[in-house]
Amino acid sequence: MADPKGFMTTPRREWPRRPVEERVRDWDEVYVPGALLPIISKQADRCMDCGVPFCHDACPLGNLIPEWNDLVSREDWRAAADRLHATNNFPEFTGRLCPAPCEAGCVLAINQPAVTIKNVECAIADRAWADGFAPPRPPDRLSGRTVAVIGSGPTGLAAAQQLTRAGHTVAVYERDDRLGGLMRYGIPEFKMEKHHLERRLAQMRAEGTKFRTSMVVGRDVRADELRTRYDAVVLATGATAWRELDVPGRELTGIHQAMEYLPLSNRVREGDLDVSPLSAAGRHVVIVGGGDTGADCLGTAVREGAASVTQLDIYGRPDAARDEDAEPWPTYPKIYRLSGAHEEAGELGTAPAADADARLFAASTLRFTGDADGRVRALHLVGVDAGRRPRPGTGRSLPADLVLLALGFTGPDREDGILEQLGLAMEPRGTIARDRDFATNVPGVFAAGDAARGQSLIVWAIAEGRAVAAAVDRALTGSSTLPAPISPYDRPMTV
């Protein structure tokens with residue numbers, strides 16, 4: 001603990017964002033470049049070095065947060081990078097994309113603003129790359145065992161890196177033309193620029209991991225063929241089966257899933273397209289769904305030049321502070337949060353009818369109506385109570401010629417044939433069944449990440465990848481020294 005009084009003398013300061021008018025004109029990350037390092041050492045000083053650090057339990061990776069906070073406060077960046085990478089393969093991803101349940105579990109957060117753990121993590125990761133503290137770590141010798149990993153999202157990449165470093169020969173199969181899964185085509189550039197992803201992929205190639213892109217397992221190569229070709233197969237395909245909205249008018253042109261819209265925008269950034277065929281430019285956009293994916297659609301539509309953008313959230317507007325009775329510390333509370341996209345929409349006034357920023361809370365979609373050409377023109381909604389029951393007299397309509405559905409995901413995609421070709425057992429909720437060792441009912445086949453856990457956070461995805469790697473290593477060799485931060489049955493801290 002570098003400064004025993006740091007949490008009393010230093011106020012919380014977060015990484016400042018660029019002015020809204022500036023950042024909505026480009027697709028760069030929203031934060032001021034270089035503005036984090038000058039403040040981060042004093043922010044790390046705020047860590048109390050708790051005797052029982054609940055931030056460890058709040059983070060499924062078990063990040064050694066007080067240790068690297070202390071090292072950052074002393075500006076020992078090499079040691080901090082070592083401690084951070086000891087538990088997290090990709091801290092530059094989580095430092096940008098994770099909602100930071102660790103901060104909700106910070107002991108200081110009982111009665112003060114929490115330590116800026118997420119910002120400290122991001123600063124360490126970026127400094128590690130800048131100073132050469134993240135070199136490739138190829139294995140000293142090969143085991144002679146082979147593993148196929150299906151899916152290159154955070155779970156698949158974490159599993160592949162751990163298994164490669166353990167000496168196994170690993171090939172990652174990705175159905176898209178580029179690697180990264182949702183980090184590539186689902187996360188907009190303004191949240192995480194893709195050079196961070198490319199840098200890690202280059203590290204993994206240098207360590208020996210093999211990648212096979214544009215390979216749809218189940219179609220281009222059968223899943224059961226991979227099972228016979230490799231000693232083990234890890235299914236990390238994610239939960240890409242999206243939820244639908246079954247209301248009248250859903251068949252109208254101009255209503256799309258968020259994961260039809262966001263990948264096209266990202267392909268424009270990659271140089272594949274000049275303009276997205278689903279561009280929001282000049283359109284009245286309504287986003288159905290109040291989560292992070294909806295916020296990603298919001299920020300993208302603002303940058304594309306939408307005439308208006310409104311986001312509907314079926315839940316009521318949460319309070320600004322934690323409800324200690326309903327969601328006591330150290331659980332992750334549902335409070336009013338202002339993402340960069342919401343800040344932009346609020347300041348620019350993209351949704352005149354919204355309750356706050358661009359959001360309409362406690363709003364449920366009733367139906368869509370369109371014009372004579374079958375194109376959507378309006379969304380009709382009603383206000384609901386806490387039980388999602390319509391409130392009389394709250395019906396209203398919003399102009400809409402582009403509607404984006406961001407309602408979450410139910411489980412792995414069934415159209416590629418993987419589940420049937422392998423004969424996998426499934427859970428009633430639509431995810432892949434597995435035992436306590438991440439093993440499916442098919443010998444040699446393991447499942448991890450959202451495909452088995454269900455839709456979750458990036459920290460849980462990486463933790464699943466690290467844990468399944470330990471299980472596979474143990475199955476192949478009889479024992480393993482790889483860390484397994486979670487079990488398949490672990491869940492976030494909730495009431």
Side-chain angles (χ1 to χ4, degrees), residues 186 239-265 275-302 304-317 341-342 345 350-411 413-415 430 455:
T240 55
W242 50 58
R243 288 190 175 91
E244 261 298 346
L245 183 62
D246 186 16
V247 298
R250 171 62 181 89
E251 74 284 353
L252 292 169
T253 302
I255 304 173
H256 300 274
Q257 289 284 346
M259 287 311 300
E260 295 175 309
Y261 171 71
L262 290 172
L264 291 170
S265 172
V275 179
S276 167
L278 297 183
S279 174
R283 293 180 169 183
H284 295 286
V285 181
V286 180
I287 302 161
V288 183
D292 289 341
T293 301
D296 293 344
C297 291
L298 173 64
T300 299
V302 166
E304 289 180 337
S308 69
V309 194
T310 306
Q311 183 180 7
L312 306 185
D313 191 336
I314 200 167
Y315 295 102
R317 178 173 176 172
H342 293 120
T350 69
D355 297 329
D357 45 76
R359 286 174 280 190
L360 272 174
F361 291 98
S364 178
T365 304
L366 293 176
R367 67 186 186 278
F368 303 105
T369 54
D371 57 22
D373 296 324
R375 181 165 193 88
V376 67
R377 289 293 179 235
L379 180 149
H380 304 270
L381 61 90
V382 66
V384 294
D385 61 20
R388 300 189 183 182
R389 294 177 293 267
R391 292 187 288 112
T394 60
R396 62 194 299 188
S397 300
L398 298 176
D401 41 28
L402 177 61
V403 176
L404 303 173
L405 306 180
L407 301 170
F409 306 90
T410 60
D413 186 359
R414 292 176 174 266
E415 294 183 359
Q455 184 180 352

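Checked by atom type and distance alone, the side chain of Thr394 never pairs as donor or acceptor with a backbone atom of Val382 at under 3.5 Å. For Gln311 (side chain) and Gly289 (main-chain N/O), a donor-acceptor pair under 3.5 Å exists by modelled atom type. A distance-only check finds no donor-acceptor pair linking the side chain of Ser279 to the backbone of Val275 [under 3.5 Å].
Considering only heavy atoms from C-beta on, Val376 stays 4.5 Å or farther from Thr253 through its side chain. For the pair His256 and Val403, the minimum side-chain heavy-atom distance is 4.5 Å or more. Residues Pro277 and Leu264 meet the side-chain proximity criterion, which asks for heavy atoms closer than 4.5 Å. The side-chain heavy atoms of Thr350 and Val302, taken from C-beta on, include a pair separated by under 4.5 Å. Residues Arg243 and Phe409 are not in side-chain contact: their nearest non-hydrogen atoms beyond the backbone lie 4.5 Å or more apart. A heavy-atom distance below 4.5 Å is found between the side chains of Ile255 and Arg250. Looking at Phe368 and Arg377, their side chains never come closer than 4.5 Å, going by heavy atoms from C-beta outward. Side-chain contact between Leu404 and Val285 is present, with at least one heavy-atom pair separated by less than 4.5 Å.
One finds the CG atom of Leu278 at 10.0 Å from the CG atom of Leu262 (value rounded to the nearest 0.5 Å). Taken from OG1 in Thr293 to CD1 in Ile287, the straight-line distance is 10.5 Å, to the nearest 0.5 Å. Rounding to the nearest 0.5 Å gives a distance of 11.0 Å between CD of Glu260 and OG of Ser276. Between the CG atom of Leu245 and the OG atom of Ser364 there is a distance of 8.0 Å, given to the nearest 0.5 Å. Arg396 CZ to Leu379 CG: the interatomic distance, rounded to the nearest 0.5 Å, is 11.0 Å. To the nearest 0.5 Å, the span separating CZ on Phe361 from CG on Leu312 amounts to 11.0 Å.
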Practice task
Might you work through the side-chain hydrogen bond (donor to acceptor under 3.5 Å, both in side chains) test for His380 and Thr365, ending with a clear yes or no?
Solution key: CA-CA 6 Å; His380 304 270; Thr365 304; over 6 Å; no
Handout entry: Full working for side chain to side chain contact (heavy atoms under 4.5 Å, CB included) between Leu298 and Thr310
Key = CA-CA 8 Å; Leu298 173 64; Thr310 306; over 6 Å; no
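Under a 4.0 Å N-O distance rule, the pair Arg375/Asp371 does not qualify as a salt bridge. Salt bridge annotation for Arg283-Glu304: absent, with no cationic side-chain nitrogen under 4.0 angstrom from a carboxylate oxygen.
Of all the heavy atoms in Gln257 and Leu405, the pair that sits closest is OE1-O, 3.3 Å. Scanning all heavy atoms of the two residues, the minimum distance from Ala363 to Leu381 falls at CB-CD1, 4.3 Å. When every heavy atom of Ala345 is checked against every heavy atom of Ala358, the shortest pair comes out as CB-CB, 3.5 Å. For the pair Tyr261 and Ala280, the tightest heavy-atom approach, listed with the atom from each and the gap, is OH-CB, 3.9 Å. Scanning all heavy atoms of the two residues, the minimum distance from Asp296 to Gly186 falls at OD2-O, 4.1 Å. Closest approach of Pro263 to Ala258, counting heavy atoms only: CD-O, 4.0 Å.
Other residues, nucleotides and ligands contribute only 12 or fewer heavy atoms inside 6.0 Å of the CD atom of Glu415. For Asp413, the CG atom sits in a packed shell: over 12 heavy atoms of surrounding residues, nucleotides or ligands are nearer than 6.0 Å.
Shown here are the side chain to side chain donor-acceptor pair (under 3.5 Å) partners of His284, two or more places apart in sequence or in another chain: Ser308.
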